[in-house]
Amino acid sequence: MKASSDKVSEREKKYQGKQLILSFFAVKGDLQLNYYAQSCPNAEEIIKQQVIKLYNKHGNTAVSWVRNLFHDCMVKSCDASLLLETVNGIESEQKSDRSFGMRNFKYVKTIKDALEQECPRTVSCADIVSLSARDGIVLLGGPRIEMKTGRKDSKRSYLSEVENTIPNHNDSMELVLSRFQPIGIDTQGIVALLGAHSVGRVHCVNLVHRLYPTVDPTLDPDYAEYLKGRCPTPDPDPEAVLYSRNDRETPMILDNMYYKNLLKHKGLLVIDQQLTSDPTTSPFVEKMAADNGYFHDQFARAVLLLSENNPLTGDEGEVRKDCRYVNSE
């Protein structure tokens with residue numbers, strides 16, 4: 001009997017050991033590649049095709065998807081809290097000054113509706129934010145990034161947290177670097193992430209303080225004249241279409257032209273130009289200006305870290321039926 005009991009005991013120990021290992025990997029593996037392989041096998045392809053269709057109709061949507069990832073994942077978690085609208089006691093993060101100029105939220109619904117037709121209440125809005133950014137980056141000429149999925153959606157927004165987590169365009173470099181530290185993104189990763197400014201545009205509201213009443217001495221004089229042509233008054237109407245492209249040479253390509261322009265004192269925002277003047281970041285600007293492959297490698301690494309910031313998994317969140325609203329039941 002004793003020998004038999006010993007064998008049972010050994011089996012139990014082995015079983016318990018296996019369970020501990022499985023539990024460990026379950027916790028570590030809540031986000032995983034091909035999370036929807038069984039529940040919605042075509043999910044990632046559906047998102048990709050919708051992103052391509054939208055890009056072909058409205059090219060700036062690809063830029064919006066990249067900005068959505070940044071604004072969503074920097075605030076608490078990659079949980080699609082950014083997409084919630086102001087209703088039923090929720091105050092949308094989109095109301096923040098940091099969200100000025102963000103657009104194309106309506107097209108997130110286009111992607112979500114296509115997924116709901118295929119697999120109702122299965123694919124989270126948080127995963128749509130991440131995967132649409134991944135596919136948008138490729139359309140903009142950037143690197144292909146293998147992203148894990150399995151994020152759940154937040155049941156609340158964090159409007160009060162936005163200004164404490166998302167850097168402003170005229171913040172000091174020290175403050176900007178400190179914002180990314182909790183996520184684990186290092187200095188070269190931050191410099192690479194700011195390379196997203198290679199695409200898209202900036203409203204004159206965020207530029208005129210560098211032009212009026214006097215021109216910022218760190219700006220190239222000819223470039224300053226060009227910007228004055230784009231922003232002819234010191235008090236532009238926020239509702240008017242008054243803007244300048246971040247990168248005039250390759251405005252819709254995610255490349256290292258951004259860094260080459262910085263070295264010529266053609267940074268659009270204060271934070272852009274600070275990258276070259278701060279000794280902790282300037283070496284990486286020079287390296288990325290010289291090597292587009294290095295920029296893409298660092299950008300991919302930083303985006304991946306950002307996309308996995310503190311995700312809600314399991315029962316911590318939900319899968320919204322409509323990305324704009326928390327589920328009613």
Residues forming a ring pair (Phe, Tyr, Trp, His ring centres under 6.0 Å) with Y107, sequence neighbours excluded: H58
Distance-only side-chain donor-acceptor flag, Q50 / T110, under 3.5 Å: no
Of all pairs that satisfy disulfide (SG to SG under 2.5 Å), the ones with a partner from residues 43-97, not counting sequence neighbours: C73-C78
Hydrophobic cluster of V138, others only, ordered by chain and residue number, side-chain cut-off 4.5 Å: none
Sequence neighbours excluded, every pair satisfying ring-ring contact (aromatic ring centres under 6.0 Å, His included) that has a member inside residues 229-268: Y259-F295
Any pair counted as disulfide (SG to SG under 2.5 Å), so long as it reaches residues 101-137, sequence neighbours left out: C40-C119, C125-C323
Pairing residues for D186 by the side-chain hydrogen bond (donor to acceptor under 3.5 Å, both in side chains) criterion, not counting sequence neighbours: R301
Sequence-distant partners of E44, side chain to side chain contact (heavy atoms under 4.5 Å, CB included), two or more places apart: N34, L131, R134, T149
Listed once per pair and sorted, the ring-ring contact (aromatic ring centres under 6.0 Å, His included) pairs that draw on residues 148-168, sequence neighbours left out: none
Residues that, via side-chain heavy atoms closer than 4.5 angstrom, fall in one hydrophobic cluster with F100: V205
Side-chain cluster (under 4.5 Å, hydrophobic types only) that L159 belongs to, other residues: none
All pairs passing disulfide (SG to SG under 2.5 Å) where residues 191-303 contributes a residue, at least two apart: C204-C231
Hydrophobic cluster of I253, others only, ordered by chain and residue number, side-chain cut-off 4.5 Å: none
